[in-house]
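Here's the structure, in structure tokens; my notes come after.
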2 protein chains.
Amino acid sequence: MGISKADIFSREDNLLARFAKALGHPARIAILRLLAQRQACICGDIVEEIPLAQSTISQHLKELKTAGLIKGEIEGAKVCYCIDEEAWEVAKAALGTFLDSNTGCGANCC
Amino acid sequence: MGISKADIFSREDNLLARFAKALGHPARIAILRLLAQRQACICGDIVEEIPLAQSTISQHLKELKTAGLIKGEIEGAKVCYCIDEEAWEVAKAALGTFLDSNTGCGANCC
DNA sequence: AATAATTATCGTATCTTTACGATCAAATAA
DNA sequence: TTATTTGATCGTAAAGATACGATAATTATT
């Protein structure tokens, strides 16, 4: 991200940006869609569905996990990933509120 | 974005990612908040409010414009920016639908 | 006309992201 | 035990993002 200046922004704005950034790649959107549509959260299934290298998928999963949107559980040699519903609700509320609040600029400007 | 493989994802996923990416920086969140809260969309006002260099703000404005979330109108020497309400509604609907659809993973996984 | 104000763009340095192959660690199978 | 599967991590290359100062272009002011 180049030189970062996150400290000059509000906590809320940083939170929103962090969630949005996690959603800011089509591969991660596709992964989240998979996690929601099927109950099959096995990492290998994701790798099979999305034409990216296994290491790349693993990297995207890590970012989603870091952002708090998903969580993984070891099941033997495999790993089961799923959406972290609690954090998901937080993200949904934060983004939803933000998107809703920014209406009504009206016709008096621009 | 490093090497890009946007072509392997659906149009919808790319659209979502593009909007989310535009929101993926606290400075841009702060700018959008300003554009919504006041009617003052003058570029100079934004530069005064946010402690970043003028060129940096201009760059963020350009990205928001490229993403389609805002539009600018020249007013003499100044430029008036405001939220593009039409595109905003599209983004809100797309993100909203996505965020809403991804619930109900349930307790049977993870 | 000359100066000042306003904003975009250029050039640049630095850090981050994306993607891949290779490798490692842990669990399972042979 | 040895081999295989599974997924994370390392190393790395290429591209993008972030930030700044300097400069250019346009309009407004003097």
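Letters go in sequence order (proteins before strands), and every chain restarts at 1.
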(message) Taking any heavy-atom pair under 4.0 Å as a contact, classify B:I74: base, sugar-phosphate, or nothing.
(response) nothing
(message) With a 6.0 Å cut-off (strictly less than), is the heavy-atom count around CD1 of A:I8, excluding the residue itself, greater than 12?
(response) yes
(request) State, with a plain yes or no, whether a side-chain heavy atom of A:H60 is found less than 4.5 Å away from one of A:I50. (result) no
(request) State, yes or no, whether a side-chain contact exists between B:L32 and B:L23 at a heavy-atom distance under 4.5 Å. (result) yes
(request) Ignoring backbone atoms, establish whether B:H25 has a side-chain N or O less than 4.0 Å from OP1 or OP2 of D:dA19. (result) yes
(message) Check this one for me: any side-chain N or O of A:K21 less than 4.0 Å away from OP1 or OP2 of C:dT17?
(response) yes
(request) Could you please spell out the steps behind the salt bridge (Lys or Arg N to Asp or Glu O under 4.0 Å) verdict for B:E89 and B:K92? (result) CA-CA 5 Å; B:E89 290 304 318; B:K92 184 158 79 176; 3.7 Å; yes
(message) Can you work out whether A:A77 or A:Q54 has the more 5'-proximal nearest nucleotide on DNA chain C?
(response) A:Q54
(message) Can you list, in residue-number order, the parts of residues 56-64 of chain B that come under 4.0 Å of DNA chain D, counting heavy atoms only?
(response) B:T56, B:Q59, B:H60, B:E63
(request) In whole angstrom, give the distance that lies between atom CD1 of B:I31 and atom P of D:dT18. (result) 11 Å
(request) Provide, to the nearest angstrom, the distance between the NZ atom belonging to A:K71 and the P atom belonging to D:dA8. (result) 17 Å
(request) Using heavy atoms and a sub-4.0 Å distance, could you list which residues of residues 8-20 of chain B are near DNA chain D? By number, please. (result) none
(request) Taking all heavy atoms of B:P26 and all of A:N14, pick out the closest pair and write down the distance. (result) CG-OD1, 3.4 Å
(message) Looking at A:R33 and A:E49, is any side-chain nitrogen of the basic one under 4.0 Å from a carboxylate oxygen of the acidic one?
(response) no
(message) If the threshold is 4.0 Å, N to carboxylate O, is there a salt bridge linking A:D84 and A:K65?
(response) no
(request) Would you indicate whether the side-chain heavy atoms of A:R28 and A:L61 approach each other to under 4.5 Å? (result) no
(request) Rounded off to whole Å, could you give me the CD1-to-C1' distance for the B:I46 and C:dA8 pair? (result) 14 Å
(message) Side chain of A:S55 only, heavy atoms from C-beta on: which candidate in D:dA22, D:dC10, D:dG7 is closest?
(response) D:dC10
(request) Just say parallel, tilted or perpendicular for the rings of B:F9 and A:H25, cut-offs at 30° and 60°. (result) perpendicular
(request) Could you state the atom-to-atom distance from CD of A:E73 to C1' of D:dT6 in whole Å? (result) 17 Å
